Every structure is written in C-alpha cells, then in structure tokens.
Amino acid sequence: MIRPLRQRHRRIVIALGIFLPVAFAIGIAARRPIPVAGELPSSLAIAMQPFEKIEWQRTDLFEKSKIQVRLSREHSGAGKFAVSFTAATDFVKPDLLVYWSAGNQNLTNALPDDAILLGAFNSLQLSLPEIAKKSDGTLVLFSLADNEIVDVSRPIQINDSTK
C-alpha cells in the first residue's frame, strides 16, 4: 500500500517539476507590457509657476535650525507669493512638510487645526495661500515620520508692500 503511493507521489513531483517552470516562463512571456506615457495629462501635471522677483531672503526666521528662507513673487509688485528653503547638508529630518499657520500662535506639540499644507520642505518653491497676504502668520516645519513639530518661524507678515 505504501509503495504505490510513493510511486504516484514521485510521478506527481516530477510532473510538477517540469510543468511549473514551463508555466512560469509562459506566464512571464505573456504579460502585457508596462504602459508608458509620453507626457502627463494636463490635469495631472504640476504647473511650475515662475516666481521671478525675490522679495527678501532671511536666515533668522527659525530659531532651532539655520534655514535660509526666500520669499519670491510672480512679478514685480503683483502676483502670488512663494517661499523656498535652503538648509545645511547636515539638516536631515524625515518626511519634512511645511505648513502656514495664520496668526500668532504658540505652537509646541501639535499642528493647529487651521494650518495649511504648503508642501514638502525639499520642493523648489511652495506657493503661499491668499490668506497669507491678509494676516501675519508662521511657517511650521513638521516631520510626518516623527509626528512632531521640528521648528516654528518667527511671525512674518506678507503683504503687497513687502520689500
């Protein structure tokens, strides 16, 4: 009784040893090619706005970190504002995001409910919301991986008369 079962098991293992690699090779060869798009659709593409006029550059906004902040504008005297950041090479924080928080709030542990996400810290330029022109506020650096506020800027005011 055991010998016929062993013979049948041996035949099945030999058949599977031949069939499975062949089936795997056929499956790999029959896959559809990876779709390649020449360019993104306009609805998905990020429009890079040219911010050509630099309003100011400051290195004294953040107390804990030496970060250079540059405020740019679309055109001289008109248009939207954007900020960009430059930090030393040893300034490494995981998943660092930049938020705009309107008003003079004492932020220590958690982001306020009205904080507006501007984008990732390592982005070229981050557009500021329209509310930034109307009221003073702070830039908040938040580490998503650590779930903590890394640094908060001094209160800044951005308006049409910024020089």
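Nothing here was measured: the structure is a model prediction, and the numbers come from that model.
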Is the shortest side-chain heavy-atom distance between [X] and [Y] below 4.5 Å?
| X | Y | answer |
| --- | --- | --- |
| Leu139 | Leu118 | yes |
| Lys133 | Glu130 | yes |
| Val140 | Ile149 | yes |
| Leu141 | Tyr99 | no |
| Pro129 | Trp100 | yes |

List, by chain and then residue number, the residues other than Ile18 in its hydrophobic cluster (Ile/Leu/Val/Met/Phe/Trp/Tyr, side-chain heavy atoms under 4.5 Å); write none if there are no others.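 Cluster partners of Ile18: Ile14.
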Nonpolar side-chain network containing Ile28, other nodes, edges under 4.5 Å: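 Ile28 clusters with Phe24.
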CG of Leu97 to CG of Leu126: how many Å apart, nearest 0.5 Å?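 Output value for this atom pair is 10.0 Å.
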Test of understanding: with ring pair (Phe, Tyr, Trp, His ring centres under 6.0 Å), list the residues that count as partners of Phe121, not counting sequence neighbours.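 Result, ring pair (Phe, Tyr, Trp, His ring centres under 6.0 Å) vs Phe121: Phe85, Phe91.
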Taking only residues two or more places apart in sequence or in another chain, which ones pass ring pair (Phe, Tyr, Trp, His ring centres under 6.0 Å) with Phe142?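 In terms of ring pair (Phe, Tyr, Trp, His ring centres under 6.0 Å), with neighbours along the sequence ignored, Phe142 is linked to no residue.
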Is there a donor-acceptor pair closer than 3.5 Å between any side-chain N or O of Asp136 and the backbone N or O of Pro155?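 The answer is no, because no donor-acceptor pair under 3.5 Å joins these two groups.
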Say whether, by atom type as modelled, one donor and one acceptor occur between the side chain of Glu74 and the main chain of Lys80 under 3.5 angstrom.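 Judged by distance alone, yes, a pair lies under 3.5 Å.
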Partner of Ser72 under side chain to side chain contact (heavy atoms under 4.5 Å, CB included), chosen from Val83, Ile54, Leu128: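 Only one of Val83, Ile54, Leu128 forms a side chain to side chain contact (heavy atoms under 4.5 Å, CB included) with Ser72, namely Ile54.
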side-chain contact (heavy atoms from CB on, under 4.5 Å) involving Pro94 - partner list, sequence neighbours excluded: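 Scan of Pro94 (side-chain contact (heavy atoms from CB on, under 4.5 Å), adjacent residues dropped) gives Ser143, Ala145, Asp146.
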My understanding is that only residues two or more places apart in sequence, or in another chain, count here; which of them pass side chain to side chain donor-acceptor pair (under 3.5 Å) with Arg58?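 Partners of Arg58 by the side chain to side chain donor-acceptor pair (under 3.5 Å) criterion, ordered by chain and then number, come out as Asp60.
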